[in-house]
Peer 1: 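One structure is given below, represented as structure tokens, and several questions about it will come after.
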Amino acid sequence: MKNKTIHFIILLVLLALAACSPQPQTDVKPIQKNEQQPINSPTEKRELGRPAEFYAFSGNGDDNSTTIILGHYCWTENGKGCLVEPEDPRNLLSDTITGRVKPGDRILFSMGINPSWTWLSDNGLDTLQGTRVDITQIFKGVETRYKNVGNSLDVPEEPGRYFYLATVTWDLEVKGQANYAFAFSVSPDN
């Protein structure tokens, strides 16, 4: 009798363990990987979402960064470029941090990327190389446009708060454009 009780308890424990263990799902289709899918597939292009982060900072070695606001942007896959409407950076930058620079300094530009946006970095869209950067500067209501400035812009000599709109254009496999707004305060005391 004792032997039957022990066998019965062992059987109950085994049944309980079997019931608690994960069971394979039979109604789920197996995942198929396509090893030959190119990195620039249309599905991945639609997933890239926002363009890379844009940075503007003082070239004088001081840590005088500024808030950068991403405005409108667009991407296209059909070989034709797309254009975004220019925006007024003064409207985008209310209550933001303004960088500080001295007259005659240089503002440097760079791009960074969130590592989850691998499509952008694998296709060179996380850098300013191969891009066109046009800058609109607004000071005392006067707009000045600078075409294809590369990765820097010289700071004006006149003190005051300058608003900028950087329009970055990609013209590689994927064509796109994005507006980035920022501001710098120019003062000899900075």
Side-chain angles (χ1 to χ4, degrees), residues 45 48-114 117 119-121 123-190:
K45 286 181 186 175
L48 68 86
R50 294 170 49 107
E53 297 296 324
F54 183 84
Y55 300 101
F57 51 94
S58 170
N60 65 12
D62 295 336
D63 184 23
N64 287 324
S65 59
T66 182
T67 301
I68 307 288
I69 304 293
L70 173 63
H72 297 300
Y73 59 89
C74 65
W75 299 104
T76 182
E77 304 172 43
N78 61 10
K80 295 180 181 178
C82 62
L83 298 174
V84 292
E85 288 294 319
E87 299 173 76
D88 189 335
R90 295 171 292 189
N91 295 337
L92 296 172
L93 293 168
S94 62
D95 300 325
T96 60
I97 297 172
T98 301
R100 298 179 331 203
V101 292
K102 292 181 180 178
D105 276 352
R106 182 166 278 182
I107 299 171
L108 302 177
F109 307 124
S110 69
M111 295 201 97
I113 192 164
N114 181 321
W117 298 334
W119 188 91
L120 285 168
S121 59
N123 286 277
L125 299 179
D126 63 337
T127 175
L128 288 178
Q129 290 183 322
T131 62
R132 177 184 169 115
V133 179
D134 297 322
I135 301 288
T136 301
Q137 173 187 285
I138 300 174
F139 179 64
K140 295 183 180 178
V142 176
E143 288 188 14
T144 306
R145 298 188 195 286
Y146 301 95
K147 300 284 185 190
N148 205 9
V149 298
N151 63 356
S152 67
L153 181 69
D154 291 333
V155 173
E157 294 292 331
E158 186 175 349
R161 187 172 186 204
Y162 290 79
F163 293 91
Y164 294 94
L165 183 68
T167 302
V168 181
T169 304
W170 292 267
D171 197 18
L172 301 169
E173 296 169 16
V174 168
K175 299 188 185 326
Q177 197 171 67
N179 285 330
Y180 298 91
F182 57 96
F184 277 97
S185 176
V186 176
S187 172
D189 300 329
N190 288 333

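What you see is a predicted model, and the numbers here were worked out from it, not measured in a lab. The figures that follow rest on heavy atoms only: side chains count, while hydrogens, waters and symmetry mates do not.
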Peer 1: Grab the two heavy atoms, one from L165 and one from E87, that are nearest each other, plus how far apart they are.
Peer 2: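 Scanning both residues completely, I find the closest heavy atoms to be CD2-O, 3.1 Å.
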
Peer 1: Please give me the minimum heavy-atom distance between A181 and L92, naming the atom from each residue.
Peer 2: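 Heavy atoms only, the tightest pair is CB-CD1, 3.7 Å.
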
Peer 1: What class does the angle between the rings of Y164 and F182 fall in, given that below 30° is parallel, 30 to 60° is tilted and above 60° is perpendicular?
Peer 2: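 Plane angle under 30°, so parallel.
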
Peer 1: Measure across M111 and V168 and return the closest heavy-atom pair with its distance rounded to 0.1 Å.
Peer 2: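 Result for this residue pair: SD-CG1, 4.5 Å.
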
Peer 1: For the side chain of T98 and the backbone of A183, is there at least one donor-acceptor N/O pair under 3.5 Å apart?
Peer 2: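 Side chain of T98 to backbone of A183: no pair is present.
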
Peer 1: To check you understand the geometry: which heavy-atom pair defines the closest contact between P156 and Q137, and what is its length?
Peer 2: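 Minimum heavy-atom separation between P156 and Q137: CG-OE1, 3.6 Å.
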
Peer 1: To the nearest 0.5 Å, tell me how far R100 CZ sits from S185 OG.
Peer 2: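 If we round to the nearest 0.5 Å, R100:CZ and S185:OG are 8.0 Å apart.
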
Peer 1: Using 0.5 Å steps for rounding, measure from the OG atom of S110 to the CD atom of E53.
Peer 2: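 The distance works out to 10.5 Å.
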
Peer 1: Tell me, with the steps shown, if H72 and Q177 meet side chain to side chain contact (heavy atoms under 4.5 Å, CB included).
Peer 2: CA-CA 8 Å; H72 297 300; Q177 197 171 67; over 6 Å; no

Peer 1: Test side chain to side chain contact (heavy atoms under 4.5 Å, CB included) on D88 and I138; report intermediate values, then the result.
Peer 2: CA-CA 9 Å; D88 189 335; I138 300 174; 3.9 Å; yes

Peer 1: Without swapping roles, check the side chain of D134 against the backbone of R145 for a donor-acceptor pair under 3.5 Å.
Peer 2: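 The answer is no, because no donor-acceptor pair under 3.5 Å joins these two groups.
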
Peer 1: Which heavy atom of L153 sits nearest a heavy atom of I135, and at what distance?
Peer 2: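 Minimum heavy-atom contact is CD2-CG2, 3.8 Å.
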
Peer 1: Where do G176 and C82 come nearest, in terms of heavy atoms and distance?
Peer 2: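 Of all heavy-atom pairs spanning G176 and C82, the closest is CA-SG, 3.9 Å.
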
Peer 1: Roughly how far apart are T136 OG1 and N179 CG, rounded to 0.5 Å?
Peer 2: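 One gets 8.5 Å once the value is rounded to the nearest 0.5 Å.
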
Peer 1: Would you check, one step at a time, whether the test side chain to side chain contact (heavy atoms under 4.5 Å, CB included) holds for F184 with V155?
Peer 2: CA-CA 9 Å; F184 277 97; V155 173; over 6 Å; no

Peer 1: Please walk me through it: do F109 and V149 pass side chain to side chain contact (heavy atoms under 4.5 Å, CB included)?
Peer 2: CA-CA 10 Å; F109 307 124; V149 298; 3.9 Å; yes

Peer 1: Nearest 0.5 Å, please: how far is CG in N151 from CD1 in I107?
Peer 2: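 So the gap between those two atoms works out to 12.5 Å.
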
Peer 1: Determine whether the aromatic ring centres of F139 and Y162 lie less than 6.0 Å apart.
Peer 2: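 Centroid distance F139-Y162: below 6.0 Å, so yes.
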
Peer 1: Distance from L93 atom CG to I68 atom CD1, nearest 0.5 Å?
Peer 2: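 Atom-to-atom, L93:CG and I68:CD1 are 8.5 Å apart.
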
